Amino acid sequence: MERSSTPSPLPPSLTLKTRSIEGLHILTLFAFAVAQPLYSLLGSQTGFFTANQMDGVDVLLITLTLSLGLALPLIFIRELAGLIHKQVRTGLLAGIIVILLTAIFLPLVNSLNPVIGGVPAGLLLAIALLLAGISTFLYLQKATARSLLTFLSPVVVIFPLLFICFSDATALIFEAPISKTPENTAATAGLSTPQNLPPIVMVVLDELPLASLVDAHGEIDATRFPNFARLAHEGTWYKNTYTVGASTLWAVPAIVSGQSPSDEEKHSNGELTHNLFTLFGTTHQLKNISEKHTALCPETLCKARKKKRFKRLKSSVSDLAVVYLHIITPPKWAKHLPDVSNNWGDFSWNSSKAPEVPQIHQTNPVQANISAPKTQTPKRMSIDPKTTRPGKKAVANHKRGLFQKFIRRIQPHRPGEKPTLNFMHILMPHVPYNYTPSGKHYRIGPYRYFTKWEHEQDIFFDYQRHLLQVGATDALLGDMIQRLETLGLYNDTLIIVVADHGANWSGIGEERRKLTSTNYADLIQVPLFIKAPHQTQGQTVKKPVRLLDILPTIADITRIPLDTASFDGHSMLRDDYPEITSVEVVDNQGEKRYTFATNLDITQSPSLKNKLAWFGTGDWGNVFSSGKNKPWVGQSLQNLTIIPPKESPWAFQLHSPDAYEAVELDDDFIPALIEGEVVSITGKSKSSFPKRLAISVNGVIQCTMPRIITSDGNRFLFGGLVPESSFKAGQNSIQIFSIETGSANGDEILREIRSL
């Protein structure tokens, strides 16, 4: 009898065993490829959980999703394929293993790029795929390789257990429920609740150094920042205020709680229960609280802000997907992903629809932990060729829109009702920079700002944009003051405006946000204004104070009793306020603590000296016409001798040229940041490119800027800011010129660069 050529099926028990082992291998590879990188990142960055309003149950569900929920569908699909044919199941298994191994190898290959240098992103991906393919072949052919995965399979359980039990997420998972009656409120302090309490409006700004506001004499620049100046004129300006943390996660909790930063971040609603919100939780209405990045207000007091669990989880999974792609994607391609450098959450795939949310800064832990090794030279700015005009939803949710929403929610209380406590931590004038002083935005979407000052023009460009955004912040404070006046609340309200920490524009070699022993002055000295109810006479207090002292001072003004043993700060109004000769500051990563003397003279700030030299003070026009720009800005092309474009070896192309075709002056968007690229049309190297460029709008030179060179030797990107007044309604003409030395005596001339 002839034997059948059809292969005999495996015994059912062996088939089930084989399928089970293969499924376990998929779970193991998924644990290494996806789950553990995210556990490692999130385990030390609880800011992600706070930004997404997550509680312990949410964290457990996310853990279950990462360990099983995303991998089980792969196993299920493989099983379905097995119903078609055994070879289909094997092929699909091989494909799944190749993908997971590629995800494992990619970060390793990416880490070699800074060492080797200049490896194309496609080649990095090809190397990872090659390694994954070889490893998959060994898996399919060698029992030893399969046994190795079986040996490693306990990580499927070990990784999530370590995350749950031995990371910063542990406290959130196992924290005790918060009492329905918060501790340390006025009602539980052992004394009767004071009568006639004032409304409170408190605004915590982000990344605003004192140097940005003052002139050469150390006084508020009232022309440029009239509303900050008004707070100083009608309230109390604490001129020597020092932060205790160079990051939001350390500074804002200190402001709200009056407690020094501990060795661990304290910004969840299960910690620091002695704070502004619990103190005034029974005496004030807490209907207008916006502190998304710290979440110190207990849910029992701030119920309205909590999203439903499904929405929280959906948002968190979406954010994790973006973060994960940043982990594995080659750096050159990663810049096209949604930006994660400005926030701990709310990352978006569509910048035109997304809230223009934070981060929080280049020191955002999410970004810091997925970026290239510290030995890599930080990248220069990459200009996104797209200028998007956001929809109505985006405008309502970007930073200016969020602050305006906060302002609208300030309401008077009716007779017999509790007064209101209004609190907002707003990421202004924090990066990304995209606002003019009028409040119009000139850019919505990813923005790669500088992190380390390698060239003077980098400092100039970022500092210029920062100052314009400080102007927009001042305008928002003016809107808030006007709202209080319209409601008849301004005189009766306790107003506090403070920044959590500063930033640095001191010189080449320094970093904008990294705290060091050489740049600390601009990072630790911040503005603080407190206008007490019915205060009309301004006062400047020069004694050194700390952010820790704000809450005790608020309690003193409102006559709310404090258990002083629970606070490290002191009321700045007391005669027995201690002499503060030094301040301890936690760096932006929470890894180091520095002690600095509190005898800083703001007029000696290196950043202030740069500001005065480049941008002067007073009218905003100086920001565009001071320093290197002054000889050219404001001149009409009709009055200048210009070398015609036919003699130029270069050509330029604007990014988003349609933005200048139909400008609407009454729109919130203004294309004030003019960007593009200059290309050599004669094959000349980058060494022959012009040293400086000038931009004219509608026949008038509006700015000059140094070049910003990319890695391509035959092209470079440029970007320059022009005043809003440069534009007219409808079509606008943009021209680019190179600034060259035209004669033996060093006179400069303009050479027109033709448009591509």
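What you see is a predicted model; the values in this text were computed from it and never measured.
- In summary, of the residues considered (Leu213, Ile220, Leu528, Leu231), a side-chain contact (heavy atoms from CB on, under 4.5 Å) with Trp237 occurs for Ile220 alone.
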ask   = Can you check side-chain contact (heavy atoms from CB on, under 4.5 Å) on Val497 and Leu477, steps first, answer last?
value = CA-CA 9 Å; Val497 175; Leu477 290 179; 4.2 Å; yes
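- When atom types are taken as modelled, the side chain of Thr603 and the backbone of Ala216 share no donor-acceptor pair closer than 3.5 angstrom.
- Put simply, CD1 on Ile557 and CG on Leu197 are 12.5 Å apart, with the number rounded to the nearest 0.5 Å.
- Counting only heavy atoms from C-beta outward, the side chains of Thr558 and Pro198 approach each other to under 4.5 Å.
- Between His274 and Gln259, some side-chain heavy-atom pair lies under the 4.5 Å cut-off.
- Of the inter-residue distances, the one linking Met480 atom CE with Phe406 atom CZ reads 7.0 Å to the nearest 0.5 angstrom.
- Of the residues listed (His501, Gln469, Arg512), the one engaging Glu207 in a side-chain hydrogen bond (donor to acceptor under 3.5 Å, both in side chains) is Arg512, and it is the only one.
- Cation-pi check for Lys543 over Tyr577 is met; the charged atom lies under 6.0 angstrom from the ring centroid and within 45 degrees of its normal.
- Of the N and O atoms on the side chains of Asn610 and Ser506, not one donor lies less than 3.5 Å from an acceptor on the other residue.
- The two residues Ile164 and Thr170 come nearest to each other via the heavy atoms O-OG1, 2.8 Å.
- Counting heavy atoms from C-beta outward, Ile496 and Ile550 have side chains that approach closer than 4.5 Å.
- Ser260 places none of its side-chain heavy atoms less than 4.5 Å from the side chain of Val244.
- Note that CG of Asp587 and OG of Ser247 are 9.0 Å apart. Values are rounded to the nearest 0.5 Å.
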Verdict with reasoning, Leu547 to Val526, per side-chain contact (heavy atoms from CB on, under 4.5 Å) = CA-CA 9 Å; Leu547 298 186; Val526 296; 4.0 Å; yes
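- The aromatic ring centroids of Tyr242 and Phe596 lie 6.0 Å or more from each other.
- Distance CD1/Ile200 to CG/Leu421: 5.0 Å, rounded to 0.5 Å.
- Side-chain N/O atoms of Ser257 and Asn275 include no donor and acceptor closer than 3.5 Å.
- Closest approach of Ala211 to Ser605, counting heavy atoms only: CB-OG, 3.7 Å.
- Distance check, rounded to the nearest 0.5 Å: CD1 of Ile426 to CD of Glu291 gives 13.5 Å.
- Side chain of Lys239 to main chain of Gly218: a donor-acceptor pair is present (N/O by atom type, distance under 3.5 Å, no hydrogens or angles).
- Using modelled atom types, one side-chain atom of Asp474 and one backbone atom of Asn227 make a donor-acceptor pair closer than 3.5 Å.
- Among Leu276, Asn288, Leu296, Leu286, the one residue that satisfies the side-chain contact (heavy atoms from CB on, under 4.5 Å) test with Phe423 is Leu276.
- Proximity of a side-chain donor or acceptor of Asp221 to a complementary backbone N or O of Gly618 within less than 3.5 Å is detected.
- For the pair Asp500 and Ala251, the tightest heavy-atom approach, listed with the atom from each and the gap, is O-CB, 3.2 Å.
- With contacts defined as side-chain heavy-atom distances shorter than 4.5 Å, the pair Met202/Ile554 qualifies.
- With sequence neighbours left out, Pro37 forms a side-chain contact (heavy atoms from CB on, under 4.5 Å) with Ile327.
- Gly245 and Thr243 make their closest contact through O-OG1, 2.9 Å (heavy atoms, listed as atom of the first residue, atom of the second, distance).
- Interatomic distance, Ile255 CD1 to Asp549 CG, rounded to the nearest 0.5 Å: 11.5 Å.
- The aromatic rings of Phe228 and Phe529 sit tilted relative to each other, their planes meeting at an angle between 30° and 60°.
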key: Full working for salt bridge (charged side-chain N to carboxylate O under 4.0 Å, His left out) between Glu584 and Arg546   = CA-CA 10 Å; Glu584 185 180 68; Arg546 305 159 303 174; over 6 Å; no
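- Annotation: side chain of Phe225 is in contact with side chain of Val470 (closest heavy-atom distance under 4.5 Å).
- Of all the heavy atoms in Leu548 and Ala254, the pair that sits closest is CD2-CB, 3.8 Å.
- Proximity of a side-chain donor or acceptor of Arg593 to a complementary backbone N or O of Val585 within less than 3.5 Å is not detected.
- Donor-acceptor pairing under 3.5 Å is recorded for the side chains of Thr518 and Glu510.
- The minimum heavy-atom distance between Leu301 and Thr278, with the atom names listed, is CD1-CA, 4.1 Å.
- Under the ring pair (Phe, Tyr, Trp, His ring centres under 6.0 Å) test applied with His466, the options Phe615, Tyr435, Phe460, Trp505 reduce to a single match, Trp505.
- A side-chain N or O of Thr516 and one of Asn519 form a donor-acceptor pair less than 3.5 Å apart.
- One side chain, Thr236 or Gln535, offers a donor N or O that lies under 3.5 Å from an acceptor on the other.
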task = Determine, step by step, whether Ser607 and Asp522 satisfy the side chain to side chain donor-acceptor pair (under 3.5 Å) criterion, reporting the C-alpha distance in whole Å, the side-chain angles of both residues, the deciding distance to 0.1 Å, and the verdict.
result = CA-CA 7 Å; Ser607 293; Asp522 293 312; 2.6 Å; yes
side-chain contact (heavy atoms from CB on, under 4.5 Å) evaluation trace for Val498 with Ile530 = CA-CA 8 Å; Val498 64; Ile530 298 179; over 6 Å; no
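- Annotation: side chain of Leu494 is not in contact with side chain of Lys531 (no heavy-atom distance under 4.5 Å).
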message = Run the side-chain contact (heavy atoms from CB on, under 4.5 Å) test on Val545 and Ile580 for me, step by step, so that the C-alpha distance in whole Å, both residues' side-chain angles and the decisive distance to 0.1 Å come before the verdict.
response = CA-CA 7 Å; Val545 299; Ile580 306 297; over 6 Å; no
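- Val323 is listed as a side-chain neighbour of Leu38, based on a closest heavy-atom distance under 4.5 Å.
- Using a distance-only test at 3.5 Å, with no hydrogens or angles considered, a donor-acceptor pair links the side chain of Gln464 to the main chain of Val623.
- Side chain to side chain, Asn504 and Glu511 fail the donor-acceptor criterion of an N or O pair below 3.5 Å.
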